[in-house]
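This is a predicted model, so every value here is computed, not measured. By convention in this document, chain letters (A, B, ...) are assigned in the order of the sequence lines, proteins followed by strands, and residues within each chain are numbered from 1.
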Amino acid sequence: MAGTPRRAARRRLPLPLLCLLLQGATAILFAVFVRYNHETDAALWHGGNHSNADNEFYFRYPSFQDVHTMVFVGFGFLMAFLQRYGFSSVGFTFLLAAFALQWSTLTQGFLHSFHGGHIHVGVESMINADFCAGAVLISFGAVLGKTGPAQLLLMALLEVALFGINEFVLLSLLGVKDAGGSMTIHTFGAYFGLVLSRVLYRPQLEKSKHRQGSIYHSDLFAMIGTIFLWIFWPSFNSAPTALGDGQHRTVLNTYYSLTASTLSTFALSALVGRDGRLDMVHIQNAALAGGVVVGTASEMMLTPFGALAAGFLAGTVSTLGYKFFTPILESKFKVQDTCGVHNLHGMPGVLGALVGVLVTGLATHEAYGDGLQSVFPLIAESQRTATSQAMFQLFGLFVTLTLASVGGGIGGCLLKLPFLDAPPDSQCYEDGVYWEVPGEDEDEAQGPLKEEERDTQA
Amino acid sequence: MAGTPRRAARRRLPLPLLCLLLQGATAILFAVFVRYNHETDAALWHGGNHSNADNEFYFRYPSFQDVHTMVFVGFGFLMAFLQRYGFSSVGFTFLLAAFALQWSTLTQGFLHSFHGGHIHVGVESMINADFCAGAVLISFGAVLGKTGPAQLLLMALLEVALFGINEFVLLSLLGVKDAGGSMTIHTFGAYFGLVLSRVLYRPQLEKSKHRQGSIYHSDLFAMIGTIFLWIFWPSFNSAPTALGDGQHRTVLNTYYSLTASTLSTFALSALVGRDGRLDMVHIQNAALAGGVVVGTASEMMLTPFGALAAGFLAGTVSTLGYKFFTPILESKFKVQDTCGVHNLHGMPGVLGALVGVLVTGLATHEAYGDGLQSVFPLIAESQRTATSQAMFQLFGLFVTLTLASVGGGIGGCLLKLPFLDAPPDSQCYEDGVYWEVPGEDEDEAQGPLKEEERDTQA
Amino acid sequence: MAGTPRRAARRRLPLPLLCLLLQGATAILFAVFVRYNHETDAALWHGGNHSNADNEFYFRYPSFQDVHTMVFVGFGFLMAFLQRYGFSSVGFTFLLAAFALQWSTLTQGFLHSFHGGHIHVGVESMINADFCAGAVLISFGAVLGKTGPAQLLLMALLEVALFGINEFVLLSLLGVKDAGGSMTIHTFGAYFGLVLSRVLYRPQLEKSKHRQGSIYHSDLFAMIGTIFLWIFWPSFNSAPTALGDGQHRTVLNTYYSLTASTLSTFALSALVGRDGRLDMVHIQNAALAGGVVVGTASEMMLTPFGALAAGFLAGTVSTLGYKFFTPILESKFKVQDTCGVHNLHGMPGVLGALVGVLVTGLATHEAYGDGLQSVFPLIAESQRTATSQAMFQLFGLFVTLTLASVGGGIGGCLLKLPFLDAPPDSQCYEDGVYWEVPGEDEDEAQGPLKEEERDTQA
């Protein structure tokens with residue numbers, strides 16, 4: 001009991017201070033640098049010779065809203081599968097993503113849309129900021145339950161900056177195509193998180209083993225996340241592509257790929273399951289791998305069959321990964337990957353980059369016609385051959401893996417800073433550490449975790 | 001215990017084999033037949049003289065996404081009302097719909113958009129495939145809890161094909177109007193499922209009676225389904241209609257109809273309830289009947305008042321159906337209708353067809369002006385009078401009821417094949433038969449259903 | 001037990017009668033007055049010289065659907081935080097909003113779009129009706145758990161009418177700008193509900209104290225509401241604004257404001273919480289204050305920094321309100337505010353009106369260019385200076401507070417009518433009073449509340 005005041009003081013400060021500090025800093029940077037772009041600013045828009053129907057808003061906002069739903073509802077509830085970590089899963093997703101949106105508006109703005117001393121914002125910067133938030137949440141999935149909110153905010157601070165740099169290297173310097181982010185979002189987010197989780201390895205984590213599983217209702221909450229991610233993934237991959245056939249084709253390919261990964265996930269899950277039973281972990285996650293695996297190639301002329309094949313492969317690899325590789329990852333490589341992001345984002349992301357390499361290498365003037373300019377401008381302008389563009393794509397994957405791993409390593413060291421209030425091994429996957437938690441029924445509605453119990457961790 | 005290895009082998013195979021077989025078959029057919037249409041293909045789109053804003057994608061994709069949400073979130077969670085069948089409700093919805101999307105792309109493609117040896121796909125084929133998946137899920141509702149996933153996949157295989165044929169007969173051969181599918185989706189899906197459930201009649205089903213109800217939280221999960229179906233139903237009915245006033249009017253009519261069915265459902269539910277109490281089953285289902293009942297007529301000049309009247313009628317009929325007719329359906333007609341699809345889709349679907357007959361018969365050149373061409377092209381071109389079009393509409397209902405019943409009968413026989421692993425009477429409405437199920441709290445998180453208990457069914 | 005028949009008769013009638021009466025009345029009024037507008041009517045639309053792409057539907061429907069989701073999913077589930085009141089929260093939201101949509105189509109129609117003896121409806125009337133329903137649901141939040149459905153329908157009847165009048169005075173007579181409804185929706189709805197709750201003050205409410213909190217899962221259901229409200233709030237504020245830069249800018253400002261209110265809510269919640277723990281009530285509610293506070297100003301040239309500052313302020317005020325002011329509101333002012341609408345809608349709404357006054361007063365021709373006409377037509381046409389427009393804005397707030405308070409007072413008296421079946425003090429926050437409630441697990445699935453217990457209240 002003696003520990004209470006000390007612990008209270010220690011805990012009361014890091015999160016509020018960090019929130020206020022970060023919010024203050026971004027607000028100042030917003031005041032100095034961020035301005036409406038010509039489609040958002042009253043004077044600039046009305047100064048132009050446009051019809052209102054030409055405003056980019058009408059072409060991108062419905063897709064943006066789907067992406068926004070995926071980031072906050074999809075990722076948030078997908079991670080709520082843990083029996084005693086629903087508040088943190090949904091709540092920290094909310095906090096992390098809200099901060100990442102502001103901070104990535106700045107970092108991406110400085111790198112991509114900094115003109116005349118100002119960052120110009122509109123619906124496209126909103127989409128890009130949400131994408132960056134998605135990468136942060138993927139990393140969150142790897143360390144879910146083992147990190148506190150102050151740690152997570154620091155992680156986001158670092159990851160958002162590195163995400164912007166990696167994206168800038170790939171898209172602007174290397175001319176790599178990656179609309180749906182197989183590399184920039186999924187591969188980057190996954191390996192950043194996995195390396196970070198490796199650095200934060202907890203040998204005594206089995207102390208919290210009993211809380212690491214799901215219960216019946218928490219699995220249903222997680223399915224809310226899964227289904228919203230699944231249905232809106234076509235919008236995710238198509239949100240930033242060229243208008244017209246580009247968005248249309250990206251949507252179609254993603255839609256087909258997801259149906260195939262769903263079928264292969266159900267098939268494999270029953271095949272490797274005890275007595276042929278399906279495993280909710282596989283359905284919740286691996287069925288989504290079809291969206292990840294066409295992140296790079298879905299805007300290309302992948303063909304509907306190609307989309308099915310890629311999706312099928314991704315669902316298979318991902319399901320087998322959950323069954324066979326995740327245990328090895330922990331026992332051999334000492335990577336504790338709470339949500340299995342290696343299976344949902346890591347391997348399918350790398351696979352998606354390779355599918356992109358393949359489809360890029362097969363690009364011909366005949367297949368794309370005048371549309372080649374939109375998809376592969378450097379090939380259309382004869383600055384590159386399809387093969388050399390494919391090599392650049394492959395190099396982009398290499399850069400991503402390198403930056404993500406280095407970044408995750410640095411992040412891990414940073415998160416070990418002692419004042420960040422990490423949960424003790426015995427209190428991982430437990431909302432009660434960071435939240436006022438009501439009971440499960442009337443009798444215990446005043447909180448089931450007794451004060452003494454809470455303080456054993458101090 | 002001796003039964004375990006045998007059961008495991010018996011169970012391990014049907015679902016994976018069927019998934020892989022079906023996925024392999026559709027993939028091959030996709031490779032041979034399915035191609036991007038002129039709005040999705042890079043070369044074809046850029047070869048045309050279009051502005052990107054003309055791409056059909058921008059007019060239909062927001063509606064498509066709403067429909068997609070209804071199919072996967074709406075139907076999935078609506079069926080999660082059962083206390084021990086949430087995984088199966090949401091999960092099998094996911095599996096069935098994913099397969100149906102692929103397979104109906106092919107069947108509808110062969111029947112509707114097969115040109116030059118190829119099926120051409122884009123946002124419209126996506127909408128149509130989702131509609132077909134909706135019909136399959138309606139049938140699923142009739143047999144929910146009493147069929148295994150392998151059975152359901154076979155059902156979908158058959159139903160998707162027949163759905164395509166029925167739709168082709170109605171829309172293409174008979175020139176019937178049915179944008180929101182009162183006939184093609186709701187009536188067809190309901191009576192296919194009901195006849196199928198009749199063939200699979202289980203006289204000993206009361207062995208599972210204790211699992212057939214809801215619990216407090218499962219009713220809230222079901223309300224997620226209800227509300228998403230309710231809010232997006234205007235998009236469902238309007239997704240395939242003519243652009244401009246057609247979509248706009250369809251949305252408005254459906255919106256009004258749903259408000260009226262909601263009010264009549266609350267009124268009737270309290271009126272017939274014990275002590276005037278409301279029944280969640282009515283609210284979850286009958287309130288949606290307003291969307292079904294204007295499936296045919298909402299694109300027509302139904303008038304806002306007509307929409308309210310139709311919705312009110314549907315909510316009333318549906319609520320009374322749940323209260324008084326469902327018990328008779330089981331006791332007298334031996335139809336065990338788990339979700340009451342007869343009340344939500346069957347009767348309101350037939351009613352919707354009849355409302356369509358009425359509003360069609362009243363169509364005049366004066367009321368529609370030059371818009372008559374979009375809604376009733378055959379009347380506008382003087383090939384039919386309004387009365388003869390109305391008769392064709394009525395005949396369409398007859399065709400639908402016939403094909404659905406015959407199809408459901410065949411389907412029922414097919415699903416009796418012994419190797420399909422149907423659940424025993426005592427294990428209906430139980431996730432544990434097909435899923436690894438965690439417990440409700442920490443102590444039983446390793447699974448509440450003991451191995452012996454599981455095997456009593458073998 | 002003797003009370004049962006009497007109670008049943010007493011209870012069986014008010015809700016059905018009121019539903020049928022109100023539905024009958026609106027249906028008759030619809031038949032007489034409501035007609036499709038020129039974009040929804042087949043003859044009128046095709047008589048005009050339009051392209052289908054010009055139909056307002058395509059510019060407003062995606063936003064409408066987001067608003068629709070907020071009203072039914074957002075408000076409904078946000079209020080489902082109570083442990084034993086989920087059916088009522090979601091169900092009565094459904095009922096109230098469905099009625100409000102019909103009734104406000106009429107009241108707003110008579111006031112805003114009554115031409116040639118008819119009300120003309122389309123996507124804009126749908127958006128406005130949903131806005132009005134939002135205000136009703138805000139008031140519902142103040143009296144949640146303490147009022148029966150018949151009472152709530154009467155409240156909606158009155159509030160919808162007064163909402164229309166207040167909106168008409170502000171927007172049409174005073175020329176006030178309030179696109180996202182800081183005044184017309186949030187301030188009006190909150191103070192109407194708070195005054196109404198004051199009139200219905202229950203000194204013995206602690207008899208139901210044990211049901212007034214949340215349980216673990218109900219807090220997660222509430223987060224579904226929170227997150228959908230949060231992600232779609234940009235659509236809410238922008239749904240009725242001028243097309244083009246107007247909608248685009250409104251979305252962007254709201255998006256930034258919400259990220260800031262989220263960060264400040266987390267910061268403040270941890271700062272004032274016990275041992276630095278976060279409180280779900282704050283996260284569920286105060287994080288949304290950023291949407292409310294820019295309801296008036298988000299269509300203006302608020303600047304991205306201004307949006308962050310406003311959001312930060314709102315999140316702070318709202319969180320502190322929950323912590324410190326709500327208890328005072330009950331103990332000193334005898335206002336029992338179940339959902340804390342004073343903190344989420346009341347104070348942030350008033351603050352939003354004041355932000356609107358400030359930003360209006362700072363409007364210059366230079367900042368808005370030719371866009372001034374869309375945002376401030378009276379300033380652009382030199383009928384008002386920016387300062388006088390700001391004064392009108394302030395006067396609009398005064399009118400709103402007055403009308404809301406008077407209306408809430410009248411409403412409170414009306415709801416005291418004895419035949420409306422209000423729940424007794426000991427049965428507040430209890431679904432069992434109005435719903436057939438299943439148990440929490442198999443054993444009690446026939447209903448946990450015993451008949452005798454139910455009747456003690458009679």
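- Proximity to chain C is absent for every atom of A:S51, based on heavy atoms less than 4.5 angstrom apart.
- In this structure, the side chains of A:W435 and C:I283 come closer than 4.5 Å at one or more pairs of heavy atoms.
- Between A:F228 and C:F228, the distance from one ring center to the other falls under 6.0 angstrom.
- Between C:H248 and A:F57, the angle of the ring planes lies from 30° to 60°, which puts this pair in the tilted group.
- Residue contact with chain C, scored on non-hydrogen atoms closer than 4.5 Å, involves the backbone and the side chain of A:F72 alike.
- A pairwise comparison of heavy atoms in A:N52 and C:G244 identifies OD1-CA, 3.5 Å as the closest pair.
- Within the 4.5 angstrom heavy-atom criterion, no atom of C:S218 approaches chain A.
- Of the atoms belonging to C:Y368, heavy atoms from both backbone and side chain fall under 4.5 Å from chain A.
- Aromatic ring pairs are classed by plane angle as parallel below 30°, tilted from 30° to 60° and perpendicular above 60°; the pair A:F87 and C:Y216 is parallel.
- Of the two parts of A:D41, the backbone and the side chain both hold a non-hydrogen atom closer than 4.5 Å to a non-hydrogen atom of chain C.
- Without hydrogens or angle criteria, A:Y61 side chain to C:S235 main chain gives a donor-acceptor distance under 3.5 Å.
- Using a 4.5 Å cut-off between heavy atoms, A:L22 does not touch chain C at all.
- The heavy-atom pair separating A:V433 from C:R277 by the smallest distance is O-NE, 3.7 Å.
- Between the side chain of A:Q23 and the main chain of C:L308, no donor-acceptor pair closer than 3.5 Å is present.
- Residue contact with chain A, scored on non-hydrogen atoms closer than 4.5 Å, involves the side chain of C:N253 exclusively.
- To the nearest 0.5 Å, atom CZ of residue A:F77 and atom CG of residue C:L220 are 6.0 Å apart.
- Within the 4.5 Å cutoff, the side chain of A:T105 has heavy atoms near those of the C:Y256 side chain.
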